[in-house]
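Worksheet: one structure, shown below.
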There are 2 protein chains.
Amino acid sequence: LDAEAVAAAETAQAGLVKPAGSLGVLEALSAQLAGIARACPPPVPAKPAVGVFAGDHGVLAQGVTPWPSDITFVMCNVFQAGGAAINVLSRAAGASVTVVDMGVAGPYAEGTGPGAELVSKKVRPATSDLAKGAAMSRDEAIQALEAGIAVADQLVDGGADLLVTGDMGIGNTTPSAALIAALTGTAADVVTGRGTGIDDETLALKTGIVASAVERIAEGADAIDVLAEVGGFEHAGIAGFVLGGAARGVPVVLDGVIAGSAALVAQGIAPTAIDYCVAGHRSAEPGHRIALEKLALRPLLELDLRLGEGTGAVLATPIVQASARILNEMATLESVMAGGQ
Amino acid sequence: LDAEAVAAAETAQAGLVKPAGSLGVLEALSAQLAGIARACPPPVPAKPAVGVFAGDHGVLAQGVTPWPSDITFVMCNVFQAGGAAINVLSRAAGASVTVVDMGVAGPYAEGTGPGAELVSKKVRPATSDLAKGAAMSRDEAIQALEAGIAVADQLVDGGADLLVTGDMGIGNTTPSAALIAALTGTAADVVTGRGTGIDDETLALKTGIVASAVERIAEGADAIDVLAEVGGFEHAGIAGFVLGGAARGVPVVLDGVIAGSAALVAQGIAPTAIDYCVAGHRSAEPGHRIALEKLALRPLLELDLRLGEGTGAVLATPIVQASARILNEMATLESVMAGGQ
């Protein structure tokens with residue numbers, strides 16, 4: 001981030017017509033946006049764009065979730081038609097929705113519907129079963145990362161000035177937990193949760209799978225090796241999306257535990273990319289807290305959301321915009337004292 | 001609330017195209033809005049209106065804050081001109097701002113500026129010093145409550161479908177702490193905080209004043225008696241605003257600790273009025289947590305805000321609107337399974 005713009009924002013905040021620090025998190029957020037934009041005041045983000053990265057998971061064969069893999073494909077069509085939660089919340093926030101097929105198992109057409117544009121970056125229909133071996137090859141991981149970067153580029157070229165991460169992938173809290181365990185050095189039973197709802201027996205199974213997958217990772221593996229071993233194609237896409245947003249100097253609002261685990265991969269590749277990230281919310285999934293601690297990000301919302309799709313992140317975008325508006329529009333103490341107001 | 005509409009909303013949420021319960025707090029909020037509107041889906045609030053209740057406090061003579069009383073008057077003019085934080089955040093949320101002079105010490109003109117309409121309901125220029133005796137008479141408390149009800153009526157008559165509470169009053173965390181201590185039976189040192197920033201010595205002084213003021217309250221005093229003894233005119237106005245909103249069947253989004261203490265007064269007068277309230281945020285002030293527990297409200301935001309004016313509440317309005325939109329716009333599982341999407 002641009003240290004001069006950050007310092008200018010902190011000075012400006014202290015001179016606005018309010019007690020110093022009284023806008024709490026909004027003040028730090030506005031300084032971050034100034035640092036990202038290399039300008040104080042920073043522009044108010046006007047064109048948020050949600051990227052919903054979708055993929056399927058070979059580990060479903062182990063029974064880690066009661067939901068069938070087909071749902072991933074079905075939901076992509078619901079996104080296109082405009083009836084999903086992410087569509088509703090994106091309309092409310094004035095955000096566009098782009099669905100990226102990173103590795104959906106079903107057949108899949110590109111095209112544009114009333115709810116979303118669909119983009120195919122399919123690496124392969126579903127990852128391999130991470131309970132039995134690497135989820136993908138290192139080459140595939142790199143291909144998926146590059147696809148995420150390309151989507152960020154495409155959206156920024158189209159005028160997006162705030163990127164918002166979303167995901168769709170039945171079973172994707174299993175690779176998320178494995179990524180978080182591996183990249184933060186946390187035990188599997190601490191980071192593995194119930195996803196969208198599983199019983200105790202399934203949770204024990206899921207935790208065991210996460211633990212043994214993480215054990216396979218070789219000493220000295222880098223973040224891309226970890227991603228290939230235990231990640232998902234949508235995680236790779238989101239990690240690339242974060243890297244791409246940071247490279248283009250655009251803030252990235254992260255959604256829940258899938259985004260948190262993907263951001264850890266981005267952090268492993270380029271630690272400063274996280275300076276461009278805002279944690280939109282904290283999900284109910286236990287691993288998300290661990291991921292946010294490692295990322296050193298404080299979530300804007302904590303509303304017990306556990307849907308994914310980008311719902312928590314897009315719900316937080318008005319707060320991000322509001323923080324920039326404060327620096328652009330509030331009167332200064334000096335102008336008020338001079339009778340300028 | 002209308003139990004039938006609440007039940008219909010809960011049933012509808014369970015049938016939307018997402019795992020049951022995965023939208024967390026948004027689901028309960030949407031059911032509350034349905035119960036308030038007596039309809040499912042509830043209308044999406046389209047015209048939020050912020051009422052900023054302003055008053056001064058005789059207790060300033062004791063030195064409970066370093067800020068001079070004049071600031072209350074100055075800030076009302078900043079609100080009118082449109083340069084305050086509440087103006088910026090209200091513009092972002094599409095909310096109107098009405099400033100109500102409940103008891104500002106300075107001279108004060110009614111009128112409309114680019115930032116806010118000013119309405120005079122001045123009971124008296126500043127309360128009496130609550131360290132020495134009752135802050136106001138019971139008749140004055142009733143007059144101020146009725147003024148708050150009238151402002152709610154006026155805004156709803158003007159088309160407002162979501163009321164948002166705001167406050168301005170140098171020193172008003174002192175009466176807030178006293179109201180919370182008295183109405184929840186909590187010790188003064190637990191509920192008294194640093195407001196917009198005071199040192200340890202001033203905090204000890206403030207806590208002592210709160211403790212002895214609360215001790216004066218007679219056994220069997222009702223909420224209006226408590227309000228008269230230790231409250232402020234803006235607290236009374238906000239309590240009336242809550243009662244007025246509830247009576248008109250309009251949801252009321254509460255701001256921070258001043259609103260929380262005022263809502264306790266409203267709860268004492270008419271407990272069901274709180275069913276119409278949404279806690280916009282939790283402020284950094286310690287008494288706010290105690291007030292919210294008594295009100296049984298969970299705050300939507302926790303961003304360390306401690307500015308008042310209505311800033312935390314108006315920042316939460318997009319979340320309130322989003323929860324209603326979910327029930328209005330999301331596709332059902334049934335329609336998706338039937339290929340309707």
Side-chain angles (χ1 to χ4, degrees), chain A residues 16-27 29 44 67 74-75 77-78 80-85 87-89 91-93 115 195-197 283-284 298 300-309 311-312 314-319 321-322 325-326 328-332 335-337 340-341, chain B residues 16-27 29 44 67 74-75 77-78 80-85 87-89 91-93 115 195-197 283-284 298 300-309 311-312 314-319 321-322 325-326 328-332 335-337 340-341:
Chain A
L16 298 177
V17 60
K18 59 175 176 54
S22 61
L23 281 174
V25 171
L26 290 192
E27 300 194 12
L29 186 52
V44 180
W67 301 86
V74 168
M75 285 307 301
N77 289 321
V78 178
Q80 186 175 19
N87 298 115
V88 176
L89 299 179
R91 282 194 294 271
T196 44
S283 87
R298 172 174 168 165
L300 295 178
L301 302 175
E302 294 185 47
L303 297 171
D304 295 345
L305 306 181
R306 50 183 176 79
L307 175 54
E309 300 180 3
T311 47
V314 80
L315 201 59
T317 58
I319 299 173
Q321 292 166 317
R325 268 187 181 250
I326 289 291
N328 278 276
E329 298 180 22
M330 260 186 83
T332 61
S335 73
V336 169
M337 292 314 158
Q341 282 285 327
Chain B
L16 299 177
V17 60
K18 59 176 175 55
S22 61
L23 281 174
V25 171
L26 290 192
E27 299 194 14
L29 186 52
V44 179
W67 300 87
V74 168
M75 285 306 301
N77 289 322
V78 178
Q80 187 175 18
N87 297 113
V88 176
L89 299 179
R91 283 194 293 269
T196 44
S283 85
R298 172 175 167 164
L300 296 178
L301 301 176
E302 294 184 48
L303 297 171
D304 294 345
L305 305 181
R306 49 183 175 79
L307 175 54
E309 301 180 3
T311 48
V314 81
L315 201 59
T317 58
I319 299 173
Q321 293 166 316
R325 268 189 180 247
I326 289 289
N328 278 276
E329 298 181 21
M330 259 186 85
T332 61
S335 73
V336 169
M337 292 313 160
Q341 282 286 330

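Note that the structure is a prediction, hence the values are computed from the model and not measured. Note on naming: letters A, B, ... go to the chains in the order of the sequence lines (proteins, then strands), and numbering restarts at 1 for each one. The figures here come from the full heavy-atom set of this structure, side chains too, leaving out hydrogens, waters and symmetry mates.
Contact annotation for Val74(A): only side-chain heavy atoms (C-beta onward) come within less than 4.5 Å of a heavy atom of chain B. If you measure heavy-atom distances from Leu301(A) to chain B, the contacts under 4.5 Å come from the side chain alone. With a 4.5 angstrom heavy-atom cutoff, Gln321(B) does not touch chain A via any of its atoms. If you measure heavy-atom distances from Leu305(B) to chain A, the contacts under 4.5 Å come from both the backbone and the side chain. Only the backbone of Ala20(A) has a heavy atom closer than 4.5 Å to any heavy atom of chain B. If you measure heavy-atom distances from Glu302(B) to chain A, the contacts under 4.5 Å come from the backbone alone.
In terms of non-hydrogen atom pairs under 4.5 Å with chain A, the most contact-rich of Ala322(B), Ser22(B), Gly24(B) is Ser22(B). Counting heavy-atom pairs closer than 4.5 Å to chain A, the top residue among Asp304(B), Leu303(B), Ile319(B) is Leu303(B). The candidate from Glu27(B), Arg298(B), Met75(B) with the greatest count of non-hydrogen atom pairs under 4.5 Å with chain A is Arg298(B). Of all the listed residues (Leu300(A), Leu29(A), Leu16(A)), the one sharing the greatest number of non-hydrogen pairs under 4.5 Å with chain B is Leu300(A).
Looking at Leu89(B), Val78(B), Asn87(B), Val88(B) one by one, the single match for side-chain contact (heavy atoms from CB on, under 4.5 Å) with Met330(A) turns out to be Val88(B).
Shortest non-hydrogen contact noted between Glu329(A) and Arg91(B) is OE1-NH2, 2.9 Å. Nearest heavy atoms, Gly83(B) versus Val17(A): O-CG1, 3.9 Å.
Between Thr311(A) atom OG1 and Leu26(B) atom CG the span is 8.0 Å, to the nearest 0.5 Å. One distance of note links NZ of Lys18(B) with CD of Glu309(A); it measures 10.0 Å at 0.5 Å rounding.
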